[in-house]
Amino acid sequence: MDHNKLALPVGTTLDRFIMRKQEDFPYATGELSQLLRDIALAAKIVNREINRSGLIDIAGAYGSQNVQGEDQQKLDVIANIRFIRALRNGGEVCTIISEEDEEMIQTGNNQGKYVVAIDPLDGSSNIDVNVSIGTIFSIYRRVSPTGTEGTERDCLQTGTHQVAAGYVIYGSSTMLVYTTGNGVNGFTYEASLGEFFLSHPHITTPKTGAIYSINEGSSDHFSEGTTAFVAYCKQQNYSARYIGSLVADFHRNLLKGGIYMYPATKKAPKGKLRLMYECNSLAFIVEQAGGKSSDGRNRTMELEPKGMHERSPLFIGSTELVEKAEEFLAAEYSDVVAAL
Ligand code: AHG
Ligand code: MN
Ligand code: MN
């Protein structure tokens, strides 16, 4: 057995890693570093709640709906509170967009230079059944002057303006994966020590893969292009893998190679997933890992957001597979243009 191989990954704590990275930028003031640490702290707390959820009364529905008209689970609400509290206490963030809140949240820290978009708990339908769930976030630098409240313009920047993005997967182990635009690194949580340790340095995603992930239960509502691409995946003998938690499906495909799709359907012409705190965040990560993300035609990160909770179709993963899907979809886009 190669003992070095086992010993190597556990070495650098997330805190030290963030500090080292900050030293690469001589004029960095440390605020972004602190903000990432705030998110990691909230993730640890949420992880604890999730681990205990079968034992205490926090599983199940909360009895209300969020802005998208979806039933909120108790853990959706708890995770939202935890992340907002950590970001508010940290002081670096002026404004937050959360899946669980219709309006932007002013933290009261008007000196804060950053805006965060967050899906506090992703994969709500899997909470009660012990299946991997996650948190997804994007960080932007505000464009309005400091000293005032954040504005809609701060919140509606294209994904190309992200300064950092990441996700936490609460799975068979809990991991934090993030990028600040200089590659992607993954950290595994060691609960007895209360620390995230670098375990997946410089994640790169395979150029191609043999996994396709889509909810085929909706196939009656797929467009012709999507239907044809799914048929192509089957002809290629790709494996179908669909957990139903975007974070978990994305994480698997990132490491193994593959494509995740949440297409536009006849019922939902813009798909289901939210541009600001699902699609853009993962698009930044996949691109930094050498992969690709689009709405079937346009690069996700260049889509102009019109609303904080806007949806977008999502085709994300290995470059070759996303490009192949775009080929299948190109015909229908030209049909749409021809019909105009
Ligand atoms: P959320 O729990 O944050 O509302 O997100 C759920 C999303 C995403 O995690 C998942 O990939 C997708 O919904 C699953 O939707 P379907 O059940 O329609 O496949
Ligand atoms: Mn989600
Ligand atoms: Mn959610």
Side-chain angles (χ1 to χ4, degrees), residues 39 42-43 46 49-50 53 58-62 64-84 96-102 105 116-138 165-171 211-222 226 230 240-254 258-283 285-286 293 300 308-317:
I39 289 176
V46 170
E49 315 272 25
I50 290 168
S53 70
I58 58 171
Y62 183 68
S64 60
Q65 292 193 328
N66 68 11
V67 53
Q68 357 265 338
E70 297 158 347
D71 289 334
Q72 285 180 308
Q73 304 298 306
K74 288 180 199 157
L75 265 172
D76 283 326
V77 177
I78 290 169
N80 194 35
I81 291 170
R82 294 298 189 193
F83 277 98
I84 290 171
I96 304 166
I97 311 172
S98 164
E99 183 194 5
E100 304 304 329
D101 291 276
E102 183 161 7
I105 301 157
V116 169
I118 190 160
D119 176 355
L121 212 292
D122 173 68
S124 306
S125 66
N126 284 324
I127 290 173
D128 293 349
V129 288
N130 212 345
V131 172
S132 300
I133 49 182
T135 296
I136 313 175
F137 62 91
S138 287
Y167 61 85
V168 184
I169 174 166
Y170 311 98
I211 295 175
Y212 73 102
S213 309
I214 191 166
N215 185 346
E216 280 199 78
S218 304
S219 59
D220 274 1
H221 306 283
F222 289 169
T226 303
V230 171
R241 293 282 184 275
Y242 193 76
I243 294 167
S245 296
L246 172 62
V247 164
D249 282 306
F250 174 83
H251 181 70
R252 179 201 54 241
N253 293 3
L254 181 73
I259 182 166
Y260 176 94
M261 296 168 270
Y262 210 108
T265 61
K266 286 166 202 154
K267 273 199 308 196
K270 295 203 85 182
K272 174 184 185 186
L273 301 174
R274 278 55 62 107
L275 179 60
M276 297 308 292
Y277 39 80
E278 290 179 321
C279 306
N280 268 334
S281 329
L282 301 184
I285 291 170
V286 88
S293 177
T300 300
M308 292 186 298
H309 300 287
E310 184 173 352
R311 296 172 197 267
S312 167
L314 182 66
F315 295 81
I316 191 166

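Please read all numbers here as calculations on a predicted model, not as lab measurements. All ligand and atom numbering here is 1-based and tracks the order in the structure.
Between the side chains of N280 and S138, no donor-acceptor pair is found at a separation under 3.5 Å.
Relative ring orientation between Y277 and H309 is described as perpendicular, the plane-to-plane angle rising above 60° on a 0-90° scale split at 30° and 60°.
Excluding water, every protein N/O/S atom under 2.8 Å from the Mn ion (ligand 3) is given here by residue and atom: E99 OE1, D119 OD1, L121 O.
Residues with a heavy atom under 4.0 Å from ligand 1: E70, E99, D119, L121, D122, G123, S124, N215, Y242, G244, S245, L246, Y260, Y262, K272, L273, R274, E278.
From L254, atom CG reaches atom CD1 of I285 across 8.0 Å, with rounding to the nearest 0.5 Å.
As for E278, its N/O/S atom nearest the Mn ion (ligand 2) is the one called OE2.
Using a 4.5 Å heavy-atom threshold, the side chains of T135 and I39 count as separate. For the pair E216/I214, a side-chain contact is recorded, criterion being any heavy-atom separation below 4.5 Å from C-beta on. Between F250 and I169, the closest side-chain pair of non-hydrogen atoms is not below 4.5 Å. Using a 4.5 Å heavy-atom threshold, the side chains of S293 and L314 count as touching. Inter-residue side-chain proximity for I84 and D101 is flagged as met; some heavy-atom pair is nearer than 4.5 Å.
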> Yes or no on side-chain contact (heavy atoms from CB on, under 4.5 Å) for N253 and S213, after CA distance, side-chain angles and deciding distance?
Replying inline: CA-CA 9 Å; N253 293 3; S213 309; 3.1 Å; yes
>> Y242 vs Y212, test: side-chain contact (heavy atoms from CB on, under 4.5 Å). Steps then yes/no.
In response: CA-CA 8 Å; Y242 193 76; Y212 73 102; over 6 Å; no
